[in-house]
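Here's the structure, in structure tokens; my notes come after.
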Amino acid sequence: MTQILSIKSTKPEKTVNLTEAAVQKVRELIASENEAGENEAGFALRMAVRPGGCSGFSYEMYFDADVDESDIVEQFDDVRVLVDPQSAEMVRGATLDYKEGLMGAGFAIENPNVTRSCGCGNSFS
């Protein structure tokens with residue numbers, strides 16, 4: 001008798017996910033930067049984790065045109081997201097969302113790897 005063994009990975013398929021609202025906002029911001037003549041080739045959103053903040057680490061997001069060969073590149077329609085390998089392990093499975101409300105608008109990261117975060121919401125451990 002032959003038995004088939006199926007192994008499933010517990011790692012998410014993508015390093016990071018973007019909601020449709022986040023994709024739309026990033027697309028708008030990149031278009032604004034490109035129209036301003038900042039970069040003819042187009043930008044990608046770089047997500048990174050850096051030491052610092054009141055809980056140990058903080059998120060960093062900015063537009064980047066330089067893609068390193070070790071970068072993980074995720075594609076969401078026409079929006080590219082770059083994550084360096086060290087940051088990738090800390091954001092794997094995270095979701096970036098963009099929210100607008102009475103208290104303001106901005107990006108929010110839901111990260112399943114966070115064990116503790118501070119009151120400001122910008123740093124974690």
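Taking both residues in full, the closest heavy atoms of Arg92 and Pro112 are given as O-CG, 4.0 Å, listed atom of the first, atom of the second, then distance. Looking at every heavy atom in both residues, Tyr59 comes nearest to Val91 through CE2-CG1, 4.1 Å. Taking all atoms of both residues into account, the shortest heavy-atom contact from Ser70 to Pro85 is O-CG, 3.2 Å. Closest approach of Ala22 and Leu96 over heavy atoms only: CB-O, 3.3 Å. Closest heavy-atom contact between Ala48 and Ser87: CA-OG, 3.5 Å. Here the closest heavy-atom approach between residue Asn17 and residue Gly93 is recorded as ND2-O, 4.5 Å.
Side chains of Glu20 and Gln24: no donor on one and acceptor on the other come within 3.5 Å. For the 3.5 Å distance criterion, the side chains of Glu74 and Thr15 qualify, holding a donor opposite an acceptor.
At least one side-chain heavy atom of Val73 sits under 4.5 Å from a side-chain heavy atom of Val67. Residues Phe63 and Leu29 are in side-chain contact: their nearest non-hydrogen atoms beyond the backbone lie under 4.5 Å apart.
Residue Glu28 qualifies as enclosed at atom CD: its count of foreign heavy atoms under 6.0 Å is above 12.
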Might you work through the salt bridge (Lys or Arg N to Asp or Glu O under 4.0 Å) test for Arg46 and Asp66, ending with a clear yes or no? CA-CA 10 Å; Arg46 180 168 296 277; Asp66 299 322; over 6 Å; no
Side chain to side chain contact (heavy atoms under 4.5 Å, CB included) between Met47 and Ile109: does it pass, once the steps are laid out? CA-CA 10 Å; Met47 290 182 66; Ile109 299 173; 4.0 Å; yes
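The main-chain N or O of Val79 is never found under 3.5 Å from a side-chain atom of Asp77 such that the two would form a donor-acceptor pair.
Separation of atoms NZ (Lys25) and OG1 (Thr19) is listed at 12.5 Å; rounding is to 0.5 Å. One distance of note links CD of Glu60 with CZ of Arg50; it measures 4.5 Å at 0.5 Å rounding.
Follow the hydrophobic side-chain contacts under 4.5 Å out from Leu82 and you never reach Met61; the two are in separate clusters.
With Phe107 as reference, Val26 is the one residue of Val26, Leu18, Leu45, Asp97 to meet the side chain to side chain contact (heavy atoms under 4.5 Å, CB included) rule.
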